[in-house]
Amino acid sequence: MIIQPTSLAALTWLGAASGTTAESWRIGVVLSARPLGVTDQGKILLQVGGMAVEADLSGQSGGGGAPDPRSMLLPGQTQAALPAQFQVRVLSLGSQPTLEVMLPQVAESTAQIAMRERLPQQNGFAPLLASVQALSQRPVMRQIPAELRPVLAQLEQAIRTPADVTTGAGLREAIVRSGLFMESSLTQGPLLASNVGEDDWKAVLLKLSNLLASYAPPRGSASASGSSQTARPALSGSELDTPPPLLQRGVQPQARAAELATQLTRLGAEDDPTPVLTQLHTAVRAALARVEVAQLEATTVPAWMTEIPIKSRDGKDILQLQLDHVPGPEGEPPRQWTLGFAIDLPTLGPVQGELHLHDLRLSVRLWAERASTTDRLEQQFTALRQRLAACGLLLDQLTCQTGLPRGTGRQTANLLKAQA
C-alpha cells in the first residue's frame, strides 16, 4: 500500500517521520492500526499509530520489485480485507517507509494442512523412473520378491509412450490417468472405477507403496533408522531437489536421473535386494506426495498442473503440463485456454512451450535451451502450419527462442508502503 498523509494529519506525519512524536516510527516498532473508511478517490483511510493516512493497495515491496518473502501469502490465498483492528511493523524508514501488516493468525483449512505436510515429502519423478529402469534389468529382476513383480509390471504399463501422447484422444487419456483425477474417477460408476487400479498412476503407486512397506522401509523412516543393518549413504542423484508442481512456478523441464539408474543397476547385481527396494520405496512415497501436491493446488484456482511419465527405447522422461482457462459467461463454456508444457529429452535438451487458444485463434511460443534444438524445431514450422490450417485453426503466432523463459511468481505480499 502507498501511504500518503491526509491534510489534517500532515504535521503529525512529519513529526512521526522525524521522531518527535510520542509514538516514534522506528524500525521494528509495532504500531496499532484500524481502517476508517474509503476516500472519494477510492483510497483506504487508515489510522496508524494515532495518525490518519490514506493507503493505496500495491502488494509489492517497492519500485515494482519482487514481493517481500516475510509477508507472502500461501498459494491460492487472496488479499484479505483488513480487520477492524490490526497491527503493523515498521520495516524501513526514509521518504517511503515500509510497514508490514500483521494480521491475526487464522485456522488452517484441511487442504492447507495437507499441503504443508506434503511439500517437504515430495520430489520429482526422475528418481522413481530411474529405479524402475534399474529394476527392469534381468540381473536385478531376479532379486525382487515375487509379490512385487506384478505391481511393478502395472507401474511400467502405466507409463505412456510417445505414440500415446501425440494424438488428442491419447493425450486426454494420459491426463485422466495421471493420478490427478483418481478420486474423481472412483465416483464415476463401478465400470470406470474398476479400471482405475490397473492403469491410474496414483493408484498403482499406492498399491506399490503398501507392498514395499513389508520388504523395505523408505530411507529416513523410523523403521529404517531402527534397522540393525549398516545404513548406506544416499545414492548420488536420489536426493534431487525438484521444485513442487505449483502453478505460480510454472512448468519446468526435468532431466533424467541417469547416474542414479547406473548405481542401482550395480547394486542390483548384489545378493541383497534391500538397498534397491529401499530406494524404490523412498521414490514411490515422494512421487505420491508430488501427485497430491498437484491435486491440492488444483483446488484453489481454475487451473491444474500434472506430469506424465513417458518411456522410449533408451529411457524414461517426464512431460509436465499446465492448463489454465478464462471462465466464460454464465452457462457458456470457456473461450480462452492456455496450455503450457515442459520436457527434457537427451537428444533435444530442455524444451518449454505455451499454446494460447482464443476461439479458433492460436498462438504458439516455444523455448529451447540449445540453439541446435531451436533450429530443429523451426524446420518443422511449415509442416505444423499446414496441420493447424487443416484443423481449421487460425495461427496468430509461431515462434521459437533460444533460452528458457524465467518463471513469474503469483504470490503477493501483504505490505504497506508509506510515503510522506
Side-chain angles (χ1 to χ4, degrees), residues 122-133 136 152-185 192 195-209 240 242-247 249-258 261 283-284 286-298 303-325 337-355 366-367:
Q122 74 84 39
N123 202 355
F125 290 168
L128 171 61
L129 298 180
S131 302
V132 174
Q133 183 76 11
S136 65
L152 285 171
Q154 287 186 10
L155 185 67
E156 184 76 28
Q157 186 65 29
I159 300 176
R160 306 292 162 170
T161 66
D164 292 334
V165 297
T166 51
T167 65
L171 180 59
R172 178 183 177 87
E173 179 68 14
I175 292 172
V176 170
R177 299 304 185 190
S178 66
L180 192 66
F181 306 100
M182 186 196 78
E183 289 80 1
S184 176
S185 299
L192 289 176
N195 296 326
V196 169
E198 299 298 325
D199 57 0
D200 183 89
W201 182 246
K202 181 180 178 181
V204 178
L205 289 177
L206 285 169
K207 185 184 301 184
L208 182 57
S209 180
L240 292 174
T242 305
L246 299 177
L247 293 168
R249 292 183 179 273
V251 294
Q252 297 179 341
Q254 300 172 51
R256 298 178 182 179
V284 167
L288 272 172
R290 186 173 182 84
V291 172
E292 291 174 352
V293 166
Q295 289 180 303
L296 292 166
E297 176 80 344
W304 49 257
M305 180 180 289
T306 191
E307 293 167 333
I308 302 171
I310 299 177
K311 57 186 175 184
S312 58
R313 293 180 179 177
D314 63 341
K316 297 175 174 63
D317 302 289
I318 303 131
L319 172 63
Q320 189 176 57
L321 300 172
Q322 178 176 328
L323 185 66
D324 297 84
H325 71 273
W337 296 84
T338 301
L339 174 67
F341 72 87
I343 194 169
D344 189 343
L345 299 172
T347 56
L348 297 178
V351 175
Q352 288 184 226
E354 182 180 89
L355 289 75
L366 303 174
W367 295 268

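Note that the numbering runs from 1 along the sequence shown for the chain.
- Of the options Val132, Leu288, Leu155, a side-chain contact (heavy atoms from CB on, under 4.5 Å) to Leu208 is made by Leu155 and by none of the others.
- Salt-bridge check for Arg249 with Glu297: failed, with every basic side-chain N at 4.0 Å or more from each acidic carboxylate O.
- Counting heavy atoms from C-beta outward, Pro253 and Val351 have side chains that stay 4.5 Å or more apart.
- Across all their heavy atoms, Thr242 and Asn123 have their closest contact at N-OD1, 3.3 Å.
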Let's go through Gln352 and Leu366 carefully: what are the C-alpha distance in whole Å and the side-chain angles of both, what is the deciding distance for side chain to side chain contact (heavy atoms under 4.5 Å, CB included) to 0.1 Å, and is it a yes or a no?
CA-CA 6 Å; Gln352 288 184 226; Leu366 303 174; over 6 Å; no
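- Side-chain contact check for Ser209 versus Val284: some heavy-atom pair is nearer than 4.5 Å.
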Anything under 3.5 Å between a donor and an acceptor, one on a side chain of residues 164-175, the other on a protein residue two or more places apart or in another chain? List them.
from   : atom 1 : to     : atom 2 : distance (Å)
Asp164 : OD1    : Thr161 : OG1    : 3.4
Asp164 : OD2    : Thr161 : N      : 2.9
Asp164 : OD2    : Thr161 : OG1    : 3.1
Thr166 : OG1    : Pro162 : O      : 3.2
Thr166 : OG1    : Ala163 : O      : 3.2
Thr167 : OG1    : Gly170 : N      : 3.1
Glu173 : OE2    : Arg177 : NE     : 3.4

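- Within 6.0 Å of CD on Glu183 lie more than 12 heavy atoms contributed by other residues, nucleotides or ligands.
- When only modelled atom types and interatomic distance are considered, Glu292 and Gln122 share no side-chain donor-acceptor pair under 3.5 Å.
- The CZ atom of Arg290 sits 11.5 Å away from the CG atom of Leu128 when rounded to the nearest 0.5 Å.
- Side-chain atoms of Gln133 and Lys311 include no donor-acceptor pair closer than 3.5 Å.
- For Phe125 and Trp201, the gap between ring centers is short of 6.0 Å.
- Of all heavy-atom pairs between Asp344 and Ala255, the closest is OD2-CB, 3.3 Å.
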Can you list the steps and then say if Leu323 with Trp337 is a side chain to side chain contact (heavy atoms under 4.5 Å, CB included)?
CA-CA 7 Å; Leu323 185 66; Trp337 296 84; 3.8 Å; yes
Could you please spell out the steps behind the side chain to side chain contact (heavy atoms under 4.5 Å, CB included) verdict for Leu247 and Gln322?
CA-CA 8 Å; Leu247 293 168; Gln322 178 176 328; 3.8 Å; yes
Given side chain to side chain contact (heavy atoms under 4.5 Å, CB included), test Gln320 with Met305 step by step and report yes or no.
CA-CA 7 Å; Gln320 189 176 57; Met305 180 180 289; 3.6 Å; yes
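- Across Val251, Val291, Leu319, Ile318, a single residue satisfies side-chain contact (heavy atoms from CB on, under 4.5 Å) together with Glu307, and that is Ile318.
- Contact detail for Gln254 and Gly124: the closest heavy-atom pair is OE1-CA, 3.9 Å.
- In terms of heavy-atom proximity, Ala298 sits nearest to Trp304 at CB-CB, 3.8 Å.
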